[in-house]
Amino acid sequence: MKNATLLALCFGYLGAAQAQPAPRHVIGTVNNYTCMMLQLTDAQRMDFNHPPQFKAAPTDDAADAGMMPNQVAVATGAEPQNGYVEAMNFAGRLVWVPTRLLAPYHAKADPTAQCRVVKYSDGKYGFRYDH
Amino acid sequence: MKLRVWRYAGRLSLLTISALTCPTIAQTVNVPNGLPQTPIATYEELGMGGWKPPTAGATATVGPTGNSNASSSSTPTSSGSALDVMNAQSWGYQAGANASALGVNPDALAATCKVESQCQSITTHATGSTITGAFQMSDGTYQEEMAKALQSNPGLAASIGDSGLSGQTDPATQAIAAAQYLKDAAVQLQSSGVDNPTALDTRAFYNFGGTNGAAVAQADSDMTMAAAMPDVSQDTLTKNGIVPGETVGQWRAAVAAQMGTSANAPVLTS
């Protein structure tokens with residue numbers, strides 16, 4: 001009886017521990033996308049009402065497809081269309097970015113950092129900054 | 001009687017044994033709404049406009065790594081709930097109700113007022129700045145956000161006495177504009193792919209811009225803030241209390257230390 005209670009207590013603890021979602025982790029580098037950064041003026045960066053938006057298609061009048069993060073996963077070697085280049089958002093969906101806003105990744109305050117596009121265990125995409 | 005004592009002793013030893021036999025599993029004890037507050041005397045000082053000392057939490061100024069250099073701010077740290085701090089104010093519950101009417105979590109709103117003013121209605125107009133009140137909003141932002149809030153929920157107009165600029169001085173009224181401001185950031189972060197933006201996420205949004213806010217919200221904790229926000233100079237980082245090499249995780253911990261347990265509260269409730 002005591003052994004059964006002891007086991008139940010142990011499994012109770014284990015159950016509580018297993019209820020916590022496992023933290024996501026990187027499962028690999030996405031080689032066909034390149035990490036680039038936005039080049040914005042201070043005014044553009046701090047314009048909270050009109051932050052730069054992805055486009056759903058490579059035209060100025062296409063629908064917005066969400067706010068851009070400062071780093072963008074751009075399709076490696078893709079040819080621009082109407083001044084837009086193919087990119088991917090965090091969910092892995094195809095979006096378009098105006099080429100005039102893009103610049104190679106370079107961190108002002110961390111100049112040796114390099115950025116790569118990665119896929120996470122939860123199926124999402126993101127960036128790692130290696131040195 | 002003796003038998004009962006031994007029975008309790010047996011249960012105690014069973015618990016002890018189970019704790020010893022399951023040593024790898026940490027147990028977390030959560031105290032709802034934080035630890036009870038100890039009474040702190042309230043006093044007024046001439047010229048301080050009825051300023052009261054913070055009534056919750058302030059204990060130490062230590063960074064997340066135990067190194068004070070890693071801290072983003074010298075603001076006292078707290079592990080309690082910011083909502084308790086806000087609700088301790090006479091206007092706290094009304095502010096929370098106003099936030100809820102806009103679909104904003106009162107806990108997230110409270111985290112903002114705790115960081116900005118310890119939820120004290122601070123008047124700073126005398127120094128020439130228009131930034132004022134418990135939520136430290138400028139006149140321009142207040143007016144813009146209030147107009148948006150009333151457009152989104154016209155029923156809120158009935159609950160406020162003054163929809164003009166002088167409403168800035170009433171924390172419950174200012175809370176409407178502050179909640180709309182949080183909602184704006186959360187909606188933008190959501191459109192960027194941040195699933196459930198928290199009060200903490202909106203902090204980076206407003207401190208460093210929307211695009212940087214999205215990058216920081218998605219960054220792993222072991223990345224440096226400087227790498228996650230490549231267009232921000234070290235000078236700007238330093239002005240925001242971020243030391244060279246500070247990681248995203250350290251920054252989050254430092255901000256969370258100011259916000260208390262409300263830091264990870266989702267902003268949006270609907």
Side-chain angles (χ1 to χ4, degrees), chain A residues 2 5-14 16-17 20 23-26 37-40 42 44-54 64-72 89-93 103 105-115 118 120 124-131, chain B residues 10-11 13-15 17-19 21-22 24-28 141 144-145 148 181 184-185 187-195 205-238 242 244-246 248:
Chain A
K2 278 184 181 174
T5 312
L6 186 62
L7 274 174
L9 279 168
C10 280
F11 281 116
Y13 282 124
L14 283 172
Q20 299 292 327
R24 70 176 189 171
H25 60 273
V26 173
M37 61 183 274
L38 301 182
Q39 49 179 1
L40 304 173
D42 286 347
Q44 285 173 318
R45 188 186 311 117
M46 301 306 281
D47 182 353
F48 300 115
N49 287 321
H50 306 97
Q53 301 284 323
F54 284 127
D64 288 342
M67 182 180 68
M68 292 184 210
N70 208 66
Q71 280 71 262
V72 177
N89 69 8
F90 288 126
R93 276 202 299 273
Y105 176 84
H106 173 74
K108 285 180 184 173
D110 194 352
T112 62
Q114 293 183 321
C115 176
V118 295
Y120 287 98
K124 291 198 167 189
Y125 295 84
F127 303 97
R128 290 288 298 179
Y129 310 102
D130 307 309
H131 292 88
Chain B
R11 284 179 189 170
S13 63
L14 183 63
L15 283 171
I17 290 164
S18 74
T21 52
C22 306
T24 55
I25 303 160
Q27 187 178 13
T28 304
T141 304
E144 193 176 357
E145 297 302 317
K148 277 191 217 170
Y181 198 53
D184 288 354
V187 168
Q188 290 289 356
L189 286 168
Q190 229 172 18
S191 80
S192 180
V194 180
D195 281 340
F205 183 99
Y206 282 121
N207 280 2
F208 305 108
T211 59
N212 280 318
V216 170
Q218 292 283 2
D220 292 332
S221 292
D222 60 332
M223 301 288 96
T224 65
M225 286 293 280
M229 302 191 296
D231 60 345
V232 179
S233 68
Q234 185 56 55
D235 184 47
T236 302
L237 291 173
T238 303
I242 297 170
E246 184 166 328
V248 171

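As the structure is a prediction and not an experimental result, all values here were calculated from the model.
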As an exercise: rank [options] by heavy-atom pairs under 4.5 Å with chain A and give me the winner.
options: Glu144(B), Gln218(B), Gln234(B), Met229(B); answer: Gln218(B)
options: Asp195(B), Thr211(B), Thr236(B); answer: Thr211(B)
options: Gly210(B), Ala219(B), Ala227(B); answer: Ala227(B)
options: Gly193(B), Ala228(B), Ala215(B), Ala214(B); answer: Ala228(B)
options: Thr224(B), Val216(B), Asp231(B); answer: Asp231(B)

According to side chain to side chain donor-acceptor pair (under 3.5 Å), who are the partners of Ser191(B), at least two apart in sequence or on a separate chain? none

Kindly write out the residues that satisfy side chain to side chain donor-acceptor pair (under 3.5 Å) with Asn89(A), not counting sequence neighbours, or none if the list is empty.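 Result, side chain to side chain donor-acceptor pair (under 3.5 Å) vs Asn89(A): none returned.
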
Identify which part of [X] has an atom lying under 4.5 Å from any heavy atom of chain B, answering side chain, backbone, both or neither.
X: Tyr105(A); result: side chain
X: Arg128(A); result: both
X: Ala65(A); result: backbone
X: Ala113(A); result: side chain

With a 3.5 Å cut-off and no angle check, do the side chains of Ser192(B) and Gln188(B) form a donor-acceptor pair?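 Note: Ser192(B) and Gln188(B) side chains miss the donor-acceptor criterion.
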
Quick one about Tyr206(B) and Asp184(B) (side-chain donor to acceptor, distance below 3.5 Å, no hydrogens or angles considered), yes or no?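 Asp184(B) vs Tyr206(B): no donor-acceptor pair found between side chains.
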
Quick check against the 3.5 Å criterion: does Tyr129(A) have a side-chain atom that pairs as donor or acceptor with the backbone of Met225(B)? no

Can a donor-acceptor pair be found, under 3.5 Å and without considering hydrogens, that links the side chain of Gln53(A) to the backbone of Pro51(A)? yes

So do Lys148(B) and Asn49(A) actually touch side chain to side chain, heavy atoms under 4.5 Å?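 The answer is yes, as the side chains (C-beta and beyond) meet within the 4.5 Å cut-off.
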
Is it the side chain or the backbone of Asp222(B) that comes within 4.5 Å of chain A heavy atoms, both, or neither? side chain

